[in-house]
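Okay, so here's the structure we're looking at.
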Amino acid sequence: MAQTPTRPSGPDGGAPIERGTAVDRYVVLQLLGRGGIGEVYAAYDPDLDRKVALKLLHAPAGGTPGAGPAQTRLLREAQAMARLSHPNVVPVFDVGTTGGRVFIAME
């Protein structure tokens with residue numbers, strides 16, 4: 001059984017992104033999990049009428065935009081996943097940045 005975080009916090013120690021908030025073209029539905037470098041949300045893609053998982057990297061320290069090592073690593077991860085077609089690899093639909101945060105939209 002999957003565990004759901006009971007008291008998640010955002011990258012600044014605050015609340016997670018709220019339901020209904022737009023991240024690029026995606027609409028956030030709920031927080032699925034959180035780790036050391038980011039958060040994963042269930043979201044909806046209204047353009048293609050489907051649910052997706054959004055993996056968002058935590059905002060850079062001090063809120064300064066820019067491609068730090070973690071952002072570069074996440075973009076490389078998305079590129080590598082997009083090149084693969086394997087039952088054990090989640091398909092990547094989109095990658096981008098919003099508000100200084102890198103995101104990956106995946107199945």
Side-chain angles (χ1 to χ4, degrees):
M1 181 156 95
Q3 291 184 344
T4 306
T6 54
R7 298 178 96 159
S9 62
D12 60 354
I17 297 173
E18 293 186 28
R19 179 181 179 89
T21 301
V23 175
D24 198 53
R25 74 176 198 224
Y26 306 99
V27 180
V28 171
L29 300 175
Q30 71 180 40
L31 178 69
L32 296 176
R34 143 177 201 88
I37 67 162
E39 303 155 336
V40 177
Y41 291 89
Y44 176 70
D45 180 350
D47 291 350
L48 297 176
D49 190 29
R50 66 179 170 190
K51 279 187 171 180
V52 298
L54 277 183
K55 183 176 184 177
L56 279 102
L57 187 66
H58 291 311
T64 56
Q71 289 178 323
T72 302
R73 186 171 47 244
L74 189 64
L75 287 171
R76 279 196 213 130
E77 175 185 333
Q79 290 169 346
M81 290 169 59
R83 288 186 190 110
L84 297 173
S85 176
H86 189 276
N88 294 334
V89 178
V90 177
V92 172
F93 298 143
D94 192 12
V95 66
T97 58
T98 183
R101 297 176 72 179
V102 176
F103 71 86
I104 300 175
M106 54 191 134
E107 188 175 309

Heavy-atom side-chain proximity of [X] to [Y] below 4.5 angstrom:
X   : Y    : value
V52 : M106 : no
D24 : D94  : yes
E77 : K55  : yes
E39 : L31  : yes

Test side-chain contact (heavy atoms from CB on, under 4.5 Å) applied to [X] - qualifying residues, sequence neighbours left out:
X   : value
R83 : Q79
R19 : L29
T97 : V102

**Study point:** From R50 atom CZ to Y26 atom OH, the distance as rounded to the nearest 0.5 Å
**Key:** 7.0 Å
Practice item. Output the distance between atom CG (L56) and atom CD1 (I104), rounded to the nearest 0.5 Å. Key: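 Rounded to the nearest 0.5 Å, the CG-CD1 separation comes out at 9.5 Å.
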Practice item. Examine distances only and state if a side-chain atom of H58 and a backbone atom of R101 form a donor-acceptor pair shorter than 3.5 Å. Key: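 Not confirmed, H58 side chain does not pair with R101 backbone.
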Revision key, fill the gap. Shortest non-hydrogen pair, A53 vs V40, comes out as CB-CG1, 4.3 Å
Review point. Taking it one step at a time, do Y41 and I17 satisfy side chain to side chain contact (heavy atoms under 4.5 Å, CB included)?
Key: CA-CA 9 Å; Y41 291 89; I17 297 173; 3.6 Å; yes
Check your understanding: Going through the distances and angles, do V95 and M81 end up as a side chain to side chain contact (heavy atoms under 4.5 Å, CB included)?
Key -> CA-CA 11 Å; V95 66; M81 290 169 59; over 6 Å; no
Review point. Going hydrophobic residue to hydrophobic residue with side-chain gaps under 4.5 angstrom, can you get from V90 over to I37?
Key: yes
Exercise for review: Give a yes or no on whether L84 and L75 share a hydrophobic cluster (residues Ile, Leu, Val, Met, Phe, Trp, Tyr; joining criterion: side-chain heavy atoms under 4.5 Å apart).
Suggested key: yes
**Study point:** Partner of L54 by side-chain contact (heavy atoms from CB on, under 4.5 Å), out of F93, F103, Y44
**Key:** F103
